[in-house]
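Accompanying notes for the structure given below.
This structure is a prediction, so every number in the text was calculated from the model and none was measured.
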Amino acid sequence: MNKAVMESLLTRRSVLARDMIGPGPSLEERDQILAAAHRVPDHGKIGPWRFVIFEGESREAFGESLAEIFAADNSDASEKLVAFEKERLTRAPLVIAVISSPVEHKVPQWEQLLSSGAACQNILLAAQSLGFGAQWLTEWYAYHEKVDGLLGLTDGEKVAGFIYIGSFQDKPKERVRPDLGERVSFWGQG
C-alpha cells in the first residue's frame, strides 16, 4: 500500500485562486500535470477532452476579453467589478481550461463527460502532488457563448472547468464534509 498516495487523497483541499501566489509550475511540472490528466479512464480510447493553457501574458489578454464581455452584458457594473473580471486569470500563475469534447461514438456521451471530469480531478491531484495549490472553477465565463468563441469551442464542446494552479502560503482550512454514512448503501441489505 502506498500510504503517501492515500494520505494525499484523504487530505486534498482546494486552495482558493485568490490565495495563490507565484511561482507556478515549471514547464516540466506543467507537462507532468497534463500527462496525469491524459491518463484518466477513457472508455473507447477517444480522449473526449482537450486543454487550453493560460500562463504569462495570455492570462492578461484573455482577461481583457472577459472584462469586455462582462461589461457589455452588465452595463451598470462598477469599474471595480469590471477590473476584477479583467484580472480574473491573473490570480494564479497557471490556469488550465479543460474542454469536454464528446464525439459521436458507441461510448455514451455521459461516459465521455465523466472522463472530462476525471481529467479535471487528475489535474488537481497532480498539482497537489507537486506541492501546488489548485482550484477547479466554473463561474459565468465557463458558460458564456462569447467566451466559448474565444476558446474556439466547436459544436458539442463545453468548458468542464478552469483550473487555477499556483503556490500558496497558508494551508487551506478543512471544511465540513457531508456525512459519508448518509451517502453509502449496501444493495440487498436492509
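Of the inter-residue distances, the one linking Arg88 atom CZ with Phe62 atom CZ reads 10.5 Å to the nearest 0.5 angstrom. Atoms CG and CD, on Asp73 and Glu68 in that order, are 12.0 Å from each other to the nearest 0.5 Å. With rounding to the nearest 0.5 angstrom, the CD atom of Gln135 is 5.0 Å from the CG atom of Leu16. Atom CG of Leu89 sits about 7.5 Å away from atom CZ of Arg91, to the nearest 0.5 Å. Rounding to the nearest 0.5 Å gives a distance of 5.5 Å between CD1 of Ile33 and CG of Leu130. Of the inter-residue distances, the one linking Trp136 atom CH2 with Tyr164 atom OH reads 14.5 Å to the nearest 0.5 angstrom.
Ser101 approaches Arg50 most closely through the heavy-atom pair OG-CG, 3.8 Å. Taking every heavy atom of both residues into account, Gln128 and Ser8 meet most closely at NE2-OG, 2.7 Å. The heavy-atom pair separating Ser116 from Ser100 by the smallest distance is OG-OG, 3.2 Å. In plain terms, the two heavy atoms of Gln109 and Pro102 that are nearest each other are NE2-CG, 3.5 Å. Scanning all heavy atoms of the two residues, the minimum distance from Val82 to Ala77 falls at CG2-CB, 4.1 Å. In this structure, Gly166 and Met20 approach most closely via the heavy-atom pair N-SD, 3.5 Å.
Note on Ile53 and Ile163: same hydrophobic cluster, where clusters join Ile, Leu, Val, Met, Phe, Trp and Tyr whose side-chain heavy atoms are under 4.5 Å apart, directly or indirectly. Cluster annotation: Phe132 is not connected to Leu125 through the hydrophobic network of ILVMFWY side chains, with a link wherever side-chain heavy atoms come within less than 4.5 Å. The hydrophobic clustering, which links ILVMFWY residues whose side-chain heavy atoms are closer than 4.5 Å, places Val15 and Ile123 apart. Note: the hydrophobic cluster containing Val40 also contains Leu124 (ILVMFWY, side chain heavy atoms under 4.5 Å, direct or indirect links). Hydrophobic clustering of Ile, Leu, Val, Met, Phe, Trp and Tyr side chains at less than 4.5 Å, counting indirect connections, keeps Tyr141 apart from Phe84.
Applying the 6.0 Å contact sphere to CD of Glu174 captures more than 12 heavy atoms from other residues, nucleotides or ligands. Around CZ of Arg12, the count of heavy atoms belonging to other residues, nucleotides or ligands within 6.0 Å exceeds 12. Around atom CD of Glu139, more than 12 heavy atoms belonging to other residues, nucleotides or ligands sit under 6.0 Å away. Within a 6.0 Å sphere centred on NE2 of His105, heavy atoms belonging to other residues, nucleotides or ligands number more than 12.
Between Glu145 and Leu153 there is no side-chain heavy-atom pair separated by less than 4.5 Å. Using a 4.5 Å heavy-atom threshold, the side chains of Asn74 and Leu81 count as separate. Looking only at side-chain heavy atoms (C-beta outward), Arg13 and Lys173 stay at 4.5 Å or farther from each other. By the 4.5 Å heavy-atom criterion applied to side chains, Ile99 and Val159 are counted as neighbours. Between Leu27 and Glu55, some side-chain heavy-atom pair lies under the 4.5 Å cut-off. The closest side-chain heavy-atom distance from Asp42 to Pro48 is below 4.5 Å. In this structure, Asp19 and Phe168 have side chains that are not in contact, with every pair of non-hydrogen atoms separated by 4.5 Å or more.
Using bins of under 30°, 30° to 60° and over 60° for the plane-to-plane angle, the ring pair His144/Trp140 lands in the perpendicular bin. Ring geometry for His38 versus Trp49: interplanar angle over 60°, hence perpendicular rather than tilted (30 to 60°).
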* Taking it one step at a time, do Ile96 and Phe162 satisfy side-chain contact (heavy atoms from CB on, under 4.5 Å)? -> CA-CA 6 Å; Ile96 302 172; Phe162 287 88; over 6 Å; no
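In this structure, a donor-acceptor pair under 3.5 Å is absent between the side chains of Thr90 and Glu87.
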